[in-house]
Protein chains: 2
Amino acid sequence: MAESSSALTEAVFYILLSLGQPLHGYGIMQRTEELSGGRVKLAAGTLYGALTTLQDKGWIEPAGGEGRRKSYRITPDGRAAARAELARLRELTHNGETIIGGWTE
Amino acid sequence: MAESSSALTEAVFYILLSLGQPLHGYGIMQRTEELSGGRVKLAAGTLYGALTTLQDKGWIEPAGGEGRRKSYRITPDGRAAARAELARLRELTHNGETIIGGWTE
DNA sequence: CTATATACATCGGAAACCGATATAACGAAA
DNA sequence: TTTCGTTATATCGGTTTCCGATGTATATAG
């Protein structure tokens with residue numbers, strides 16, 4: 001790939017989408033499954049690994065936590081990354097529609 | 001992720017889109033860059049690795065080759081995979097628009 | 001003749017995902 | 001009250017995929 005707006009993985013995109021409001025890890029799992037209509041189920045390893053990576057990137061940050069839960073919130077950089085990804089997805093979808101639309105039918 | 005329609009990488013999606021007509025490896029590189037408006041540039045390792053993987057999956061197949069070029073064509077399974085990916089992209093784009101559209105603004 | 005573009009291929013390293021495993025607290029049912 | 005399912009976080013090893021570098025070779029343009 002190697003380009004300006006590098007692709008986000010589906011897991012990361014849904015994690016960011018899930019954090020419109022502060023939410024804890026397990027809640028992100030559930031919200032992702034809900035948002036995707038049950039299609040995307042984050043594995044524990046994927047989620048908690050990504051939470052660390054995303055904090056290192058500054059796209060999410062801790063937002064306190066009640067009891068044993070650890071909540072996170074999305075940062076401005078995180079929102080920017082999600083918007084950039086949406087733009088990439090739109091372009092990709094558009095290209096796919098144009099080209100695949102011209103196949104046999 | 002772990003789901004019914006597993007995500008294709010951008011590299012693989014563009015390789016499939018490039019093969020509307022039989023084309024050789026290097027041509028796929030160029031066509032991908034062209035189709036993506038210069039944004040996606042396939043690294044050699046990515047391309048030739050993916051060509052092997054995609055043949056193993058039965059999504060592309062050899063289509064002869066003039067001289068030192070090796071051409072490939074997409075198979076019906078390959079087309080199905082591209083269409084499934086397009087559906088996934090549409091859903092993802094739609095979800096992204098809905099949710100991100102509700103942010104700050 | 002030499003540099004650039006074409007063309008294929010492999011290698012090692014880095015990400016990212018997954019499933020399994022571990023730990024632990026909670027609430028409900030038996 | 002004990003046991004089971006859910007909530008909740010975390011780590012580990014293995015697999016896949018990508019990337020950039022490197023290698024080889026031919027063709028073409030300057």
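Just so it is clear, the structure is predicted and the values come from calculations on it, not from any experiment. All values below come from the heavy atoms of this structure, side chains included, with hydrogens, waters and symmetry mates left out.
Of the possible donor and acceptor atoms, one in the side chain of A:Glu85 sits under 3.5 Å from a partner among the backbone N and O of A:Leu8. Remark: the backbone N or O of A:Ile28 is paired with a side-chain donor or acceptor of A:Thr32 at under 3.5 angstrom. The backbone N or O of A:Ser36 sits nowhere less than 3.5 Å from a side-chain atom of B:Asn95 that would complete a donor-acceptor pair. Between the side chain of A:Thr75 and the main chain of A:Gly58, a donor-acceptor pair closer than 3.5 Å is present. A donor-acceptor contact shorter than 3.5 Å links the side chain of B:Thr93 to the backbone of B:Leu89.
Looking at the side chain of B:Tyr26, the nearest of the listed nucleotides D:dA10, C:dT6, D:dA21 is C:dT6. Taking only side-chain atoms of A:Lys70, from C-beta outward, the nucleotide of D:dA10, C:dC17, C:dA9 with the closest atom is D:dA10. Taking every side-chain heavy atom of B:Thr9 into account, D:dT17 is the closest of D:dT9, D:dT17, C:dT10.
Each of B:Leu51 and A:Ala50 lies near DNA chain C, and the nucleotide nearest B:Leu51 is the one positioned closer to the 5' end. Ranked by how close their nearest DNA chain D nucleotide is to the 5' end, A:Tyr72 and B:Val12 are led by A:Tyr72.
Following rounding to the nearest Å, B:Leu42 (CG) and C:dA7 (C1') show an atom-to-atom distance of 15 Å. One can place CZ of A:Arg68 at 7 Å from P of C:dC26, the figure rounded to the nearest angstrom. Following rounding to the nearest Å, A:Gln55 (CD) and D:dA10 (C1') show an atom-to-atom distance of 13 Å. Counting to the nearest Å, the P atom of D:dA8 and the CG atom of A:Leu47 are 12 Å from each other. Taking atom CG of residue B:Leu23 and atom P of nucleotide C:dT6, one finds them 13 Å apart after rounding to whole Å. As rounded to whole Å, 13 Å separates atom P of D:dC18 from atom CE of B:Met29. Atom pair B:Asp56:CG and D:dT17:P shows a separation of 10 Å (rounding to whole Å applied). In this structure, the CG atom of A:Leu8 is 16 Å from the P atom of C:dA15, given to the nearest Å.
As judged by a 4.0 angstrom heavy-atom cut-off over every strand, B:Arg69 is placed among residues touching the sugar-phosphate backbone only. Residue contacts shown for A:Gly25 are limited to sugar-phosphate atoms, with no base heavy atom under 4.0 Å away.
For B:Tyr48, no side-chain nitrogen or oxygen approaches OP1 or OP2 of C:dA9 to under 4.0 Å. The phosphate of C:dA5 has neither OP1 nor OP2 within less than 4.0 Å of any side-chain N or O from B:Gln30.
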